[in-house]
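Down below is the structure, laid out as C-alpha cells.
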Amino acid sequence: MAQSTIGEEAQARQGALRGFGFAFMAYFFWGLMPFFMKAVAHMPAAEVVAHRVVWSVPLAGVVLMVLGRTADVAAALRSPRTLVMAAITATVISINWGTYVWAISVDRTVETALGYYINPLVSIGLAALFLGEKLTRMQMAAVGLAIIAVVILTVNAGGLPWVSLVLALAFAIYGFLRKTLPIGPSQGFFLEVLLMAIPALGYILWLEGTGQGHFFSSDTSDILLLLACGPITAVPLLLYGFGAKLLRYSTIGIMQYIAPTMIFLIAVFVFAEPFDLVRAIAFVLIWVGLALYTLSMFQESRKAKAAAAAPLR
C-alpha cells in the first residue's frame, strides 16, 4: 500500500514537471511574440490573422492524428450545439488576435502587456458577475486596484485604454466560454481554427485576387513569415493546453505573468516605447493587485488541501 502511494506521488511529481515544462515553453513563446509581430507589421493585421488561422489547421490536425483524437472532432462536427459554441469562442479569440497584431504594428506594445496583466483580474470579475462566485477581500482589493489603474490611464490619455481592455476582456471571455466546450484543448483548438479557416481562406484568396495580398505577390521573406504564422500560433496554444492539464490552477495562475512581463520589457527596452510616470503608477497598481490575487490563490489552495485532508484524520 505504501509502495503504491509512493509510486503515485512520483508519477504526480513527474506529471507536474512535464506540465511545468509545457506551460513554461508556451508562455516563453508568447513572451517573444512581439518580435514576430514586428516582422509582419508591414502587412494588414487582418491578413496576418487570416494566415494564422489557415496555417494552424494542418499543424493542429497532425497533432490530433498523433494523439489519436480525431474521433472527438468527428463527433463534435456532428453536434450543432458544439459547433455553435466553437464558432463563438473562435470569434472571440480572433478579436484578441487581431487587436494584438494591430497594436504591436502601431507601437502600442506596452498596452498589450497591460492588457494581459489585467486579464486574470477581469476573469475573477466575470466569475463573480456571471457565476455568482464570492470574491475574497484580497480579490476585491485586486480588482479595485485594476479599476483605479484604468481610471488613471483614462484621465491621463483623455480616453479609455481600449487596446488593453479589449485584449483582457476578449481573452477572459474566451477562457470563460472555452470551459463550456465539451472537448479537450487540442481538439477544441483544431475545431476553432477549422471553422475560422473558411472565411479566412476566402479573405486571403480575395486579397491575392485583387493584388493586395502578400503571399503570392510578394518576396520570399513575406511568404516564409506568413507560413510561420501557423506554428507561431498553434505551438504555444497546444503546449499550454497540455501543461494546464498537468498543473494545479494556482501554478498556472503564477506562470501567466511570464508572457506580459517579457512583452513589457521588450516594449520598453527593445522597442523603446514611451513609459512615463503616469503609466508607471498604473502598472505598479496592477502589479500590487496581481500580488494580492496570487496570495489569495495560495490561501484558497491551502484551505482546499486542509479540507481534503480533514476526513482522513
Side-chain angles (χ1 to χ4, degrees), residues 26-27 29-56 86-123 125-126 146 149-150 153-154 157-178 189 192-193 195-197 199-200 203-204 207 214 225-226 228-230 232-234 236-237 240 256-264 266-268 271 273-275 279 282-283 286:
Y27 284 117
F29 287 145
W30 277 328
L32 294 176
M33 191 77 78
F35 289 118
F36 180 80
M37 294 306 162
K38 277 292 183 184
V40 297
H42 61 287
M43 307 181 205
E47 183 178 10
V48 174
V49 171
H51 280 277
R52 289 185 73 174
V53 169
V54 168
W55 300 116
S56 292
I88 294 171
T89 57
T91 301
V92 174
I93 197 61
S94 66
I95 292 171
N96 177 275
W97 289 353
T99 304
Y100 182 71
V101 174
W102 175 84
I104 292 179
S105 71
V106 295
D107 300 325
R108 298 175 74 166
T109 310
V110 169
E111 293 179 56
T112 70
L114 178 64
Y116 288 119
Y117 275 130
I118 293 175
N119 173 66
L121 303 180
V122 172
S123 295
L126 289 176
V150 170
L153 291 171
T154 300
L160 281 171
W162 68 268
V163 168
S164 302
L165 293 177
V166 168
L167 288 174
L169 283 168
F171 204 70
I173 292 170
Y174 174 74
F176 181 80
L177 295 176
R178 189 64 178 75
F189 174 68
E192 287 167 348
V193 292
L195 292 174
M196 287 192 287
Y203 178 63
I204 291 170
L207 286 176
H214 289 80
L225 284 170
L226 290 172
C229 284
I232 286 290
T233 300
L237 279 169
Y240 172 80
Q256 68 185 323
Y257 307 143
I258 294 172
T261 299
M262 291 176 65
I263 293 169
F264 170 75
I266 290 168
V268 175
F271 296 164
E273 292 189 12
F275 190 69
R279 283 189 173 187
F283 267 80
I286 294 296

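What you see is a predicted model, and the numbers here were worked out from it, not measured in a lab. Along the sequence shown, residues are numbered consecutively beginning with 1. Just the heavy atoms: all of them, side chains too, but no hydrogens, waters or symmetry mates, feed the values below.
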Taking the side chain as everything from C-beta on, heavy atoms only, tell me whether [X] gets closer than 4.5 Å to [Y].
| X | Y | answer |
| --- | --- | --- |
| V268 | E273 | no |
| T261 | Y117 | yes |
| C229 | F36 | yes |
| S105 | Y100 | no |
| H51 | V40 | no |
| T99 | T112 | no |

- Task: Go through the steps to decide whether W97 and T233 satisfy the test side-chain contact (heavy atoms from CB on, under 4.5 Å), and finish with yes or no.
- Result: CA-CA 10 Å; W97 289 353; T233 300; 3.5 Å; yes
Nearest heavy-atom pair of [X] and [Y]: which atoms, and what distance?
| X | Y | value |
| --- | --- | --- |
| Y174 | T89 | CD1-O, 3.4 Å |
| Q256 | P120 | NE2-CB, 3.5 Å |
| A168 | V122 | CB-CG2, 4.0 Å |
| S56 | G230 | OG-O, 3.5 Å |
| N119 | A172 | OD1-N, 3.2 Å |
| G31 | P34 | O-CD, 3.3 Å |

- Return the set of residues passing salt bridge (charged side-chain N to carboxylate O under 4.0 Å, His left out) with E192 (not counting sequence neighbours), or none when no residue passes.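 By the salt bridge (charged side-chain N to carboxylate O under 4.0 Å, His left out) rule, E192 matches R178.
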Could you measure the distance from the [atom1] atom of [X] to the [atom2] atom of [Y]? Nearest 0.5 Å is fine.
| X | Y | atom1 | atom2 | result |
| --- | --- | --- | --- | --- |
| F176 | F171 | CZ | CZ | 15.5 Å |
| I263 | M33 | CD1 | CE | 8.5 Å |
| L195 | S94 | CG | OG | 11.5 Å |
| M37 | W102 | CE | CH2 | 15.0 Å |
| I266 | T109 | CD1 | OG1 | 8.5 Å |
| T91 | L177 | OG1 | CG | 10.5 Å |

- Pick from V193, I204, L226: which one makes a side chain to side chain contact (heavy atoms under 4.5 Å, CB included) with V54?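 It is I204, the one option of V193, I204, L226 that forms the side chain to side chain contact (heavy atoms under 4.5 Å, CB included) with V54.
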- Name the one of V110, L153, V166, L167 that satisfies side chain to side chain contact (heavy atoms under 4.5 Å, CB included) with P161?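 Of the listed residues V110, L153, V166, L167, the side chain to side chain contact (heavy atoms under 4.5 Å, CB included) partner of P161 is L153.
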- Message: Is the distance between the ring centroids of W30 and Y240 under 6.0 Å?
- Response: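 So the answer is yes for these two rings.
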- Sort and list the pairs that fulfil salt bridge (Lys or Arg N to Asp or Glu O under 4.0 Å) and have at least one residue in residues 86-111, not counting sequence neighbours.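 Of all non-adjacent pairs touching residues 86-111, those that pass salt bridge (Lys or Arg N to Asp or Glu O under 4.0 Å) are K38-D107, R108-E111, E111-R279.
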- Message: The test is side-chain contact (heavy atoms from CB on, under 4.5 Å); show your working for V101 and R52 and say whether it passes.
- Response: CA-CA 11 Å; V101 174; R52 289 185 73 174; 4.0 Å; yes
- Quick one: ring-ring contact (aromatic ring centres under 6.0 Å, His included) partners of F283, sequence neighbours excluded?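 Partners of F283 by the ring-ring contact (aromatic ring centres under 6.0 Å, His included) criterion, ordered by chain and then number, come out as F264, F275, W287.
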- Task: Verify side-chain contact (heavy atoms from CB on, under 4.5 Å) between S164 and Y116, making sure each step is shown before the conclusion.
- Result: CA-CA 7 Å; S164 302; Y116 288 119; over 6 Å; no
- Report yes or no: does N96 contribute a side-chain atom to a donor-acceptor pair with the main-chain N or O of A170 at less than 3.5 Å?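 It does not hold such a pair.
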- Task: Would you sort out whether W55 and I232 count as a side-chain contact (heavy atoms from CB on, under 4.5 Å), showing the intermediate values?
- Result: CA-CA 10 Å; W55 300 116; I232 286 290; over 6 Å; no
